[in-house]
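Basis for what follows: all heavy atoms, side chains included, without hydrogens, waters or symmetry-related copies. Just so it is clear, the structure is predicted and the values come from calculations on it, not from any experiment.
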There are 2 protein chains.
Amino acid sequence: MRKGAETRERILEIAEASVLAKGFGATSIEEVIAEAGITKSGFFYHFKDKNELARALMLRYVEENDRIFDDVFRRGRQLSDDPLQSFLITLKLLAELMGDLPNGHPGCLIATFTYQERLFDRNVRDIASDAVRSWNGRFRDALNEIATVYPARKGMDLDDVAIMFSCVIDGGIIMSRGLGDPRVLERQILAFRSIVQLLFAPAAPDIILPPAPTAIAAE
Amino acid sequence: MRKGAETRERILEIAEASVLAKGFGATSIEEVIAEAGITKSGFFYHFKDKNELARALMLRYVEENDRIFDDVFRRGRQLSDDPLQSFLITLKLLAELMGDLPNGHPGCLIATFTYQERLFDRNVRDIASDAVRSWNGRFRDALNEIATVYPARKGMDLDDVAIMFSCVIDGGIIMSRGLGDPRVLERQILAFRSIVQLLFAPAAPDIILPPAPTAIAAE
DNA sequence: AAATTTACTGTACCGGCGGTATGGTTTTCA
DNA sequence: TGAAAACCATACCGCCGGTACAGTAAATTT
């Protein structure tokens, strides 16, 4: 019912924070239930074992990220008809979103899980794999659409560029943490944005491209 | 003496593989000693607790990576006097190195540790942090040296480009695993290489730059 | 209002693991 | 040959993941 879903959500929230801080293996159910204010029986009422918790965490993370990407891509398209401008706006929005997080990005569950893959069954791994493929597909589609209007530089495979954006995000999160500077991620996304400009603007990108839109509030 | 160092090394080897596959928290000492063919007492003779194992793993990883970077940068400089060419060669060598790994890159310990930072003391975190800063510094120095000869594109901070390379490597490892395709990492490094070309070659990079050296055996 | 389902609590237990302690034994090297 | 190094054997503690089962208060349905 209502209350059950709330408790379940609270468990997931607490567990996700713990997984991102200590890893899945070191995340103790006892700590989670202590923080959630429930008993062990209550936990196992919602999740039959730890692996189902992992599955639920992954599903939740993927869905939320899908929503975020839906949103920034939709707003990017709303604000320009030009596919290049549209994508550049989307990247700017994403960068703002990351920069506005008070304590930096909390971490990418996909990244943690791929570094602990032996802990999860094929089901969970497939969810993660499909999600990554889907997100890369979005970026690749956006780039391909741009390429129909602007000629891309030779020697650059757009599939690789699309994947590189995922690399920059996941790598940026790691670097932000490792260097103790939450703004690294935002800067990396903006740097990638500059590269996209460079890729599709042959001669002098700063001249033929209008300035990026400013003061667009990120959700 | 001699034999002690060998056993210690074997422990580290096994532990590293386990940490990269399951995470540090889920790496059980019992499994490690079983695989190493020693007893628990033997393990605690070499490492007084699990945290010291973490410290040793991190130190070992950082030193080995330092050696690798020393090597590819040295060989890059040997093969060309031009800083741009030299760096492009280094990147190619690095890409070949990654591509030649039979089962893909085993994983970046820094990445795992930053996603499990609550498990380690400040000492270990500082080692990781300093290593990342040092590696980023290498890339930044290389880029700055290039910029003294070739004018860089405006709007791109070379510090960010340097950090982006670290992002591409760590992100590339995650993507390789997540997508189940070991060659993603190699392709990402080569894609970054193309971007460096683009960054420093204003008009037509494929023309003014000689082809990358081929058939340079990676160690 | 009664019956049923939902959402838990309480208690008890198992086996595995990290870690400690302590006392021995073999191997290596000076 | 003697000391230090490199282990092995055994026993133990406490925490944790997980299971089992019995009970209960509240919400929802009938």
Side-chain angles (χ1 to χ4, degrees), chain A residues 1-58 60 109 112-113 116-121 123-124, chain B residues 1-58 60 109 112-113 116-121 123-124:
Chain A
M1 319 269 181
R2 228 3 247 308
K3 199 181 167 215
E6 271 174 32
T7 303
R8 197 185 134 98
E9 189 65 18
R10 203 165 71 249
I11 293 172
L12 289 173
E13 196 86 34
I14 294 165
E16 182 175 302
S18 176
V19 167
L20 291 173
K22 306 193 297 183
F24 187 77
T27 290
S28 96
I29 294 179
E30 310 242 355
E31 275 182 29
V32 172
I33 63 178
E35 199 176 334
I38 57 171
T39 64
K40 197 184 276 194
S41 312
F43 175 88
F44 284 105
Y45 171 76
H46 288 286
F47 308 98
K48 78 164 199 266
D49 57 21
K50 223 185 165 192
N51 219 310
E52 200 168 293
L53 172 68
R55 207 176 99 86
L57 282 173
M58 183 53 81
R60 197 178 91 111
L109 258 196
T112 346
F113 275 46
Q116 297 169 51
E117 52 182 6
R118 281 284 120 77
L119 298 181
F120 312 109
D121 53 30
N123 190 343
V124 176
Chain B
M1 316 285 181
R2 220 17 237 307
K3 201 184 165 213
E6 271 173 31
T7 303
R8 198 185 133 96
E9 189 65 16
R10 204 165 70 251
I11 293 172
L12 289 174
E13 196 85 36
I14 294 165
E16 181 174 302
S18 176
V19 167
L20 291 173
K22 307 194 296 183
F24 188 76
T27 290
S28 97
I29 294 179
E30 310 241 356
E31 275 182 30
V32 172
I33 62 177
E35 198 176 334
I38 57 170
T39 63
K40 197 183 275 195
S41 314
F43 175 87
F44 284 105
Y45 170 77
H46 289 285
F47 308 97
K48 78 163 199 268
D49 56 21
K50 223 185 164 190
N51 219 310
E52 200 168 290
L53 173 67
R55 208 176 99 85
L57 282 173
M58 182 55 81
R60 197 178 90 112
L109 258 195
T112 346
F113 276 46
Q116 299 167 51
E117 53 182 6
R118 282 285 118 76
L119 298 181
F120 312 109
D121 53 28
N123 190 343
V124 176

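Residue contacts for B:Ser41: at a heavy-atom cut-off of 4.0 Å it reaches a base atom on one of the strands shown.
Protein atom CD of A:Glu6 is 14 Å distant from nucleotide atom C1' of C:dC8, rounded to whole Å. We find that CD1 of A:Ile38 is positioned 17 Å from P of C:dT11, with the value rounded to whole Å. Look at CD1 on B:Ile33: it is 13 Å from C1' on D:dT10, rounded to the nearest Å. For A:Phe44 and C:dC13, the CZ to P distance is 18 Å, given to the nearest whole Å. In this entry the distance linking CZ of A:Phe43 with P of D:dC16 reads 14 Å, nearest Å. With rounding to whole Å, B:Asn51 atom CG is found 13 Å from C:dG18 atom C1'. In this structure, A:Glu30 places its CD atom 14 Å from P of C:dT9, rounding to the nearest Å. Whole-Å rounding puts the B:Lys40 NZ to D:dC13 P distance at 14 Å.
For D:dC7, the OP1/OP2 oxygens have a side-chain nitrogen or oxygen of B:Thr7 closer than 4.0 Å.
For B:Thr39 and D:dA9, a side-chain-to-base donor-acceptor distance below 3.5 Å is absent, hydrogens and geometry of angles not being considered. Counting atom types as modelled, A:Lys50 pairs no side-chain N or O with a base atom of D:dG18 as donor and acceptor under 3.5 Å.
In this structure, A:Lys50 is not positioned above the aromatic face of A:Phe44 in the sense of NZ or CZ being under 6.0 Å from the six-membered ring centre and within 45° of the axis.
Contact check on B:Arg60 versus B:Glu9 returns a salt bridge, with a Lys/Arg side-chain nitrogen under 4.0 Å from an Asp/Glu carboxylate oxygen.
Counting heavy atoms from C-beta outward, B:Leu12 and B:Leu53 have side chains that approach closer than 4.5 Å.
Between A:Glu31 and A:Lys48, the one whose closest nucleotide on DNA chain D sits nearer the 5' end is A:Glu31. Mapping A:Gly37 and A:Tyr45 onto DNA chain C by nearest heavy atom places A:Tyr45 closer to the 5' end of the strand.
When all heavy atoms are compared, the tightest approach of B:Phe113 to B:Met58 is CD2-CE, 3.3 Å.
The CD1 atom of A:Ile11 sits 10.5 Å away from the CG atom of A:Leu57 when rounded to the nearest 0.5 Å.
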